[in-house]
Amino acid sequence: MTTKLFGARIRRSEDPRLVTGNGRYLDDLGHDAYEVAFVRSPHAHARILDIDVSEGVEVDGLVAIYTYQDLDGRMGEPLPLLIPHPTLTHGRTQHALARDEVNYVGEAVVMVVAVDRYVAEDVVGRVRVDYEPLPAVVGIDAARAAADLVHPDVPGNAAAVMVQESGDAEAAIDAAPHVLELDLSIERSASMPMEGKGVLARWDSDDESLLVHTSTQTSTSVRQAVAAKLGLPVDRVEVVTPDVGGGFGVKIVHPWPEEVLVPWAAVRLGHPVKWTEDRREHFVSSAHERAQQHHVRVGYDDEGRLHGLSVRFWHDNGAYTPYGLIVPIITSTQLLGPYKPGAYRVEFTSLYTNTVIVTPYRGAGRPQGCFVMERTMDAIADALGLDRAEVRLRNFIRPDEMPYDHGLIFQDGRPLVYDSGDFPASLDKLTKLVGWDDFEAYRAQARSEGRRVGIGLACYVEGTGVGPYEGGHVRVETDGTVVVSTGLTTQGQGHQTMLAQIVADELGVPFDRIRVTTGDTRRFKYAVGTFASRTAVMSGSAVALTARKVREKALRIAAQALEASVDDLDIVDGHVEVKGSPGATIDLGAVAVLSNPLRYAFDEAAARATQFATPADPDTPPVAPGEAPGLEGTDFYSPPRSTFANGMHAVVVETDPDTADIKILRYCVVHDCGTIINPMIVEGQVHGGVAQGVGGALYERMEYGPDGQLLNASFMDFLMPYASEVPEIEIDHLETPSPLNPLGVKGAGEAGVIPGSAAIASAIEDAEGIPIRSMPISPSELFDLRSRRSV
Amino acid sequence: MKPSPFSYHRPRTVEEAVELLGALGEEGKVLAGGQSLVPLMSMRLAAPAHLVDVNHIPELDTVAVTAAGVRVGATARHARVEKDAAAYDAAPLLRQGLVNVAHPTIRNRGTTVGSLVHADPSAEMPAVLALLGGSVELRSTAGSREVAAADFFVGPMESALRPGELAVAATFHRPPPRSGSAFVELARRHGDYALCGVAALVTTDHDGAVTTARVALISVGPVPVVVDVGAAVHGTGTAFDTERLAGLLDAAIDPEADIHATAEYRRHLAHVLAARALTEAHEHAGPTRDERAS
Ligand SMILES: Cc1cc2nc3c(=O)[nH]c(=O)nc-3n(C[C@H](O)[C@H](O)[C@H](O)COP(=O)(O)OP(=O)(O)OC[C@H]3O[C@@H](n4cnc5c(N)ncnc54)[C@H](O)[C@@H]3O)c2cc1C
């Protein structure tokens, strides 16, 4: 019997290659290519008066200098607004190279192509751009005040105002026994993958085709975008993702200016061209996220049950809105977490600022929403003198209320309906794991040693696996190898392993005979991309359905060869067997040979297959109607709507009574992503997420000066946590299958990051007895809060 | 993040290096461990036309312990100084400071003398030199000069080194008998430059009562700030009066705000960390080995 791989702790098949330094990232490719560097705006807001390249052209090794004036055809138009929305009344996108105005420090103004990056940077240093500085709008306060405007034709700096309501929230709050109001805010951070972006383009002038390698989360969409921008037929453009050193959201945005400029230059120059983003560029020209201010009004009863919740918030979308309103829409809907809010009203304003654009970063608006809801829960518990876990329990949606319809519209444009989940069971696991009920004894003991400790918790629900679809292709080669392809991309999550586990079980083949390719448009043309914790749900389901189809075909062919009924066959270890009849077997490689009537005996498998070949009927075509040669298949999975995973985190912190240093002593996670395909991979995803959550809570922020200069654009001052700052993570799982897909799975990719700020704020507040309303928090800020309290 | 063009020189002797540096003047820069200089060049914040790599001069790669103290050659890595048992014996503060310098991989490349020359006001080793006392030996075509620790640190990122000079070694004095030391700091992340750090050196009499107490603070002034805190020692000689200590420190430090901490917080940290460092140093102070043996 083949053992079942679905659910097993299989080691990641990609790791031996990656951890021994044999990955092939974008910058490992294209050593023959010209390299690109950009002149980027040093001003947050300015008019471009003149560009003088005369000194630059003197440099040996320069190939070309391009400005906006050189961009022809659709290259000269603004980049696309990918996800329009009716409420996005004032959407704006940038040009690939700035036309006459720059709107953030880092916006690309001039493109330099040279024999290598060193020379390209030498030239960049010699290009003179004359600017007329304009007033910069930096931060949400300035954007709301709107004394100055980012875009002169966008009044109030407001890209959008959106309201959703379920019931009459204000009336419910007014009628409730208790009312609380809170102001809560979260600072900017960013995805910060270890590998920045990068693009390599090769133009084949004989074939009139373009091959683009790019470090993206969506190769299929980059392909469409490049073809459209360059005016090329789509079938003349292929886009391949090599190994990608992390994405976390920033690489789902497409096309980045560089993603069209590099191919455009390659065609123009008839020579391969490459751009590898450096860290400083990444800080000032790739996307950020998170900055939001929120005002909460909540009405509740003596039991702590919510009657009505009204949230207004202000979202900083940066200088442009290429990715629409996805982040604030997610905050506005996912804020509700596992709770029934009573009546609910949410209104957000999405604001322009003269800073780097804002697009989804792992969690995508959920960390903010979770922070808002969980701080509200803690505030209610505090006001009523109730246990914080108990207040949550009382407000949970119960398992027998599933599926639960919130009466709102989610990010995918579909109703916000939770498919499954058992929140009381999750909370019970968590409080046991962390020892919630015994904490007071621990606190007392710590106090007697002069130590100050606190505990906090936070719960979230995450809509995962958004549509519209994802596909799979599975082919059995004549040597028995199974090649699997899916169109979405991978950034190190372990997709190859996870998808191979699914196919191994569905098809009955050994794990090590399966090769998985992702994100290569030469192999698979129709795909959406890797974001929204969707790969296991979408591509996992798609390859499962495809493998089932291929299995059916294999059985059909084998039945004929073995002269048995399909119902009597099984596939075990890569061989089709007649159940209960040992010896009557044919391997899948041979079945693959039989599937193709053109059967030159190139190899052993083909020669062997002839013994099974049934005499051809002279009156029927060799390929029967409705059949196709080859043991392969393609199928797609398209869900009715998202599936909702959930999780709960509990944190124990210690705060130094003298230095205000904050240390995490324990970090406990209970996680429910439906049926688990590979617990080791899920735990790895949770670990990485928690690390980013810790970063967002205690370390990371984009420190903009009032003039729009990013003051900490390096890893020296942008404090990403090291391994030494991330605590050991204790995990327990709950598996509540999703009824929406064939595997019962839910997404797990983003989960770990979501409740970090909420849970850690809760713990610090518990340790200090000072309300924590804004995250991240540094020791200096905690010291400040203490000083202000003692005055 | 690629450096602008430069010429690279690899002298094999100190004389050759000094000749080169003399000829290059302002155009030349010494390359030691490269842990500070190379990032600055990659970000084009520094663009020396010539780099003089001193890593291939065998005579600079030394750590020597004498009666006077520990002499560290220009290419001795932080890690080597940190692990040198004799150096630790002579002046424990060297290791106590070094374990706070960056991360092991950086200490494997970065040099202690380079760190002194670089003169970052947040760096640990300048404070160690300032507190222990000692000197830096500078060589040029004009000859040698020895600059005392107290005169070596001129301002933020500015030492007494002149163009054309090579720092060949630094000597850290051995503390007096019955001394104890400690280095306490608070950094945002493990291994980062400190928000505030304090090196303490305490000497006691035969009964363990404090006779002298001094601290050197980092990240609270343009150079390491050395403060004699003897006046804050309790009459009993066994503890420190924290209020008096704070007063003495406040008179000497001048912290600034940056994106990681307010000036007020740094001032507060100086008080807290100095008290902790002094207490720890006092714990380490005590009878000498000979006294214990008798
Ligand atoms: C991530 C990171 C974290 C760090 N954290 C810390 C920290 O917490 N604390 C800390 O103290 N340091 C820290 N450092 C700096 C590290 O200690 C450096 O190694 C040190 O400051 C400089 O030593 P170096 O040998 O690398 O000098 P280099 O980088 O080679 O040179 C630095 C400067 O000194 C000059 N120079 C060097 N040696 C000589 C010489 N013999 N004669 C004349 N001029 C010379 C060079 O010309 C250059 O101007 C960190 C570095 C990194 C990369």
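We name chains A, B, ... by the order of the sequence lines, and we start the count at 1 in each one.
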Would you call A:Arg40-A:Glu107 a salt bridge at under 4.0 Å N-O?
no
Do the charged groups of A:Arg126 and A:Asp122 touch, with an N to O distance under 4.0 Å?
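No, this pair does not count.
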Identify which of [options] forms the greatest number of heavy-atom pairs closer than 4.5 Å to chain A.
options: B:Ser4, B:Pro5, B:Ser42; result: B:Pro5
options: B:Val272, B:Leu273, B:Ile259; result: B:Ile259
options: B:Lys2, B:His190, B:Arg189, B:Met1; result: B:Arg189

Need one label for [X]: side chain, backbone, both or neither, based on atoms under 4.5 Å from any heavy atom in chain A.
X: B:Leu269; value: side chain
X: B:His271; value: neither
X: B:Pro39; value: neither
X: B:Arg276; value: side chain
X: B:Leu195; value: neither

With chain B, which of A:Arg117, A:Glu725, A:Arg279, A:Glu281 has the greatest number of heavy-atom pairs at distances under 4.5 Å?
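Among A:Arg117, A:Glu725, A:Arg279, A:Glu281, the one with the most close pairs to chain B is A:Glu725.
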Nearest heavy-atom pair of B:Ala270 and B:Leu217: which atoms, and what distance?
CB-CD2, 3.7 Å
If every non-hydrogen atom of A:Ala713 is compared with every non-hydrogen atom of A:Val284, which pair is closest and at what distance?
CB-CG1, 4.3 Å
If I measure from the heavy atoms of chain B, does A:Leu698 come under 4.5 Å with its side chain, its backbone, both, or neither?
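Interface part for A:Leu698: backbone (N, CA, C, O).
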For A:Asp656, is it the side chain, the backbone, both or neither that has a heavy atom under 4.5 Å from a heavy atom of chain B?
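Only the side chain of A:Asp656 comes within 4.5 Å of chain B.
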N/O donor-acceptor pairs under 3.5 Å from side chains in residues 117-128 of chain B, not counting sequence neighbours:
| from | atom 1 | to | atom 2 | distance (Å) |
| --- | --- | --- | --- | --- |
| B:Asp120 | OD1 | B:Ser122 | N | 2.8 |
| B:Ser122 | OG | B:Ser219 | OG | 2.9 |

Steps toward side chain to side chain donor-acceptor pair (under 3.5 Å) verdict (A:Ser787, B:Glu264)
CA-CA 10 Å; A:Ser787 311; B:Glu264 232 2 85; over 6 Å; no
Short question: side chain of B:Asn55, backbone of B:Ala32 - any donor-acceptor pair under 3.5 Å?
yes
List for me each residue that meets salt bridge (Lys or Arg N to Asp or Glu O under 4.0 Å) alongside B:Asp241, sequence neighbours excluded, and say none if there are none.
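Counting only residues at least two positions away or on another chain, B:Asp241 forms a salt bridge (Lys or Arg N to Asp or Glu O under 4.0 Å) with B:Arg244.
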